[in-house]
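What's counted below: heavy atoms across the whole structure, side chains too, no hydrogens, waters or symmetry copies. Keep in mind that this is a model prediction, so the values were computed, not measured. Ligands are counted one by one from 1 in listed order, and the atoms in each one are counted from 1 as well.
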Amino acid sequence: MMIGLACIAAAAAGAAAQARPAPAAPLDEQQVRARADALLAQMTPDEKAAQIVTQFNMGIPGQEKAIDESVAKGIGSFLFVTDPKETNRLQRITVERSRLHIPLLFGFDVIHGWSTIFPVPIGQAASWDPAMIERNQAIAAAEARSAGIHWAFAPMVDIARDPRWGRIVEGAGEDPYLGSAVAAAQVRGFQGPRIGAPGHIIAGPKHFAGYGAALGGRDYDEVNLSDSELWNVYLPPFKAAVDAGAGNIMAAYMGLNGIPAAGNRWLLTDVLRKQWGFQGWVVSDANGVQSLQTHGFATDQADAAARAIGAGLDMEMAFAGPAFAKLPAAVAAGKVDQAQVDAAVRKVLEAKIRMGLFENPYVDEAGAAQLQRNPAHLEAARIAAERSAVLLRNEGALLPLDRAKLRSVAVIGGLADSPRDSNGPWVFKPTQPVLQSILQGIRTKLGNRTEVKYAPGVIIPKRVNASMIDSMNADLRRPEPKDDDSGIAEAVAAARSADVAVVVVGEPQGMIGEMASRSTFDLPGRQQDLLDAVVATGKPVVVLLLNGRPLDLKGTKAQAILDLWYPGSSGGDAAANLLFGDAVPGGKLPFTWVRNAAQVPLIYAHLTSHDAGHADTRYSNESNAPVYPFGYGLSYSTFAFSNLRLDRPQVAPGGAVTVSVDLRNTGARTADEVAQLYIHQRSGTAARPVRELEGFQRVTLKPGEVRTLTFKLGPQELRYWNAAVRDWVQDETTFDVAVGADSTVPFAGSFDVRRQ
Ligand code: GLC
């Protein structure tokens, strides 16, 4: 006999707030649907409208009464509630006092950690290690779940080919193949084997779709993409996330080819549901429904609500005053079909049922604190920071530094002593993030054997336009040297008196991320003057970068450059291990390191187009070759690829070839290499890029070790969406093949695709 959900919830209400056994076995889809429909049948129009709203709750003083009243009325979910005491308190009000006792869903931006902070997503993408990324997001999910969070507004899977766009830091860079692998890994990490798995949370890939192509790299600006770019570049990571079972999708803010994403039926229904079979629910971005009016798309808020629901958007994320509150009137006026509202409500109820919230609505508050300070999590964060680092330059094998021979090290730059910046954007004080600076890590490593002199040098400017999110994101602490040359003189003196100078420069975390696009890649403030002055001393200089986009270091002559990204809670320890050789960098760039902002966009997978024999000097005044190519990264060892071969010279459309290559560690240290497989379609019914990534493997090899790596190239890798026929095609043609250490590797093999 089916016990109604309301009865279960009421029983849970009566029971103490203790962990209750989840259903013996996960419900099958039929049972989930039946339970949701049984509840739906009891709901009033207002209760339905409230259920499909997720409302900001920033704990702003004075809002408590309104929040509690909305909870008692049965609002569906909140975001930005992070204290398990508060999630339990609000949950108890809902479960005990709302008419149908439907538990709340709590969502949050769990982007790269909760209290254990991992490197920013662009940094983890630079590890080219999806298995590690999956493990890290599973840890983030466990910590967030312990605080009462059920749903992450992540992963951000927007392809970014314009580094002026600040949110490049939140994604996996410019390439759809790498981006798809990272997207699927994050969904698996967040959700575990199924939605509702203990210690896991629902993944909400975002921002659907095309947000990374904002005009001029200006965040929130319009996006105009060809169908070919959409299908071949910007949609694949979302498809990978949906195929990995993502339970939620967040619609983007901006207009896509003139149609706002939150009201774009082609995107939210035709593609996402009809073509891809997405079964979860779609949420707007913050105030994304209300803003349909400011887009000049909806006439008023009732129209905004109607157009969003009609396009297939299921839930509104709103600061306050949700447009969806107008849905009952819109239904009554015949402007919205009740069935469309019911379909949206049903998906949200199904998510809550799958998560077991009716049986187990509360969290163990003591357990949350303990789990969030698990040393194993910090160890994982350190490993992630080490594997994400990219060695860009190492002249004279300056790195790793031999600490046995070092009397003193000068650590220079305010970012070295700023744990908040080390954690990067999308880290909020209420989740009590673990903090560690680069300087702390170096001091801990060197102990009292080597003198560490620190000089902040120059002031690090703050973000230009603080946002509401900044209020929760406030920089905890940052050194404030005098804003004159005395700081530089002090830094120069420290360098002169040391054996080596480690200069930490980059962008403060407030200058990257949302609402943080920049029209220049110069080092903010006077960091370049500081770096140049230290290099001018003639001392060996190692540059450590904190960044999320390519930076223009003005051709610095520093001997070594190591990109740490924003390395997270164990970034100091990781930096020290990398500097002194207890860890070996093996990361590779997930984007093309363009020379300067004026050359954007510059991508590796471009078309030859018309080639008058000067592909990398299209500008008359400077080369347009990148500073570092996509997929680039050095090591403390060396590697050699050889003997590329294919198992057959020809394959019929739909068939597959196997590519093999031998990889040898030709250096003296055990180290990692990322073998990258690129293809080039020589001709066909459309022109294709000069090369495209279609496979990669990160491997660890001992000195002298040789390993044969194999890759499969089948229809999934060889097909593309063709603008002429407006569908996926596989041409009969010849493909060039290369496997190597970055996107400049020469082609070394080929095969034909021919009907027999
Ligand atoms: C922001 C972002 C989105 C985030 C949401 C909630 O404006 O665009 O990525 O998840 O609001 O913080």
Side-chain angles (χ1 to χ4, degrees), residues 53-60 76-82 105-114 120-122 137 140 144 149-160 165-172 183 186 190 201-214 217-223 237-238 241 246-256 260-262 281-292 294-295 313 315-320 322 424-431 463 465-473 510 512-517 548:
V53 170
T54 184
Q55 187 159 313
F56 271 74
N57 177 358
M58 315 285 284
I60 296 171
S77 63
F78 281 117
L79 61 146
F80 275 103
V81 184
T82 53
L105 201 63
F106 289 104
F108 191 73
D109 290 288
V110 189
I111 310 299
H112 55 107
W114 176 264
V120 288
I122 195 73
Q137 292 300 36
I149 299 299
H150 309 119
W151 160 36
F153 310 137
M156 196 203 93
V157 302
D158 299 301
I159 291 291
W165 187 55
R167 303 196 78 167
I168 185 173
V169 70
E170 298 173 47
Q186 293 198 64
F190 278 126
I201 59 179
I202 297 169
K206 65 186 183 183
H207 307 77
F208 196 55
Y211 183 18
R218 292 179 296 274
D219 201 8
Y220 308 143
D221 254 20
E222 68 187 273
V223 166
F238 284 99
N248 168 257
I249 287 279
M250 180 185 289
Y253 276 129
M254 83 299 135
L256 173 61
W281 85 102
V282 181
V283 67
S284 73
D285 202 337
N287 302 329
V289 175
Q290 293 154 333
S291 70
L292 290 179
T294 50
H295 275 269
L313 190 100
M315 178 188 270
E316 177 184 12
M317 179 186 286
F319 279 117
W426 290 104
V427 173
F428 301 98
K429 277 194 297 188
T431 65
R463 174 207 285 262
N465 49 1
S467 72
M468 170 278 305
I469 285 184
D470 258 5
S471 64
M472 289 183 73
N473 204 353
I512 188 119
E514 187 173 2
M515 291 174 74
S517 293

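- The closest approach between His207 and ligand 1 falls below 4.0 Å for a heavy atom of the residue.
- Distances from ligand 1 to the non-hydrogen atoms of Glu170 include no value under 4.0 Å.
- Of the candidates Asp158, Asp219, Asn287, Asp109, Asp109 brings a heavy atom nearest to atom 4 (C) of ligand 1.
- With no hydrogens or angles considered, a side-chain donor-acceptor pair links Tyr253 and Asp285 at under 3.5 Å.
- Phe108 and Phe153 have their aromatic ring centers separated by at least 6.0 angstrom.
- Residue Met317 holds its CE atom at 5.5 Å from CZ of Phe56, rounded to the nearest 0.5 Å.
- Every atom of ligand 1 is numbered from 1 in the order shown, and the set under 4.0 Å from a heavy atom of Glu514 is 1 (C), 2 (C), 7 (O), 8 (O).
- Checked against side chain to side chain donor-acceptor pair (under 3.5 Å), Asn248 has the following partners two or more places apart in sequence or in another chain: Trp151.
- Judged by the 6.0 Å and 45° rule, Lys429 forms no cation-pi pair with Trp114.
- The ligand atoms of ligand 1 that sit less than 4.0 angstrom from a heavy atom of Phe80 are 12 (O).
- Legend: residues meeting side chain to side chain donor-acceptor pair (under 3.5 Å) with Glu316, ordered by chain and number and at least two apart, are absent.
- Comparing heavy-atom distances from atom 11 (O) of ligand 1 across Leu79, Asp285, Val283 singles out Asp285 as nearest.
- Between Pro425 and Val120 the shortest side-chain heavy-atom distance falls below 4.5 Å.
- Distances below 4.0 Å separate heavy atoms of Lys206 from the following atoms of ligand 1: 3 (C), 4 (C), 9 (O), 10 (O).
- Those atoms of ligand 1 that come under 4.0 Å of a heavy atom in Met250, given as number and element, are 10 (O).
- For ligand 1, the atoms lying closer than 4.0 Å to a non-hydrogen atom of Phe153 are 10 (O).
- Residue Arg167 touches ligand 1 through its side chain alone, judged by heavy-atom distances below 4.0 Å.
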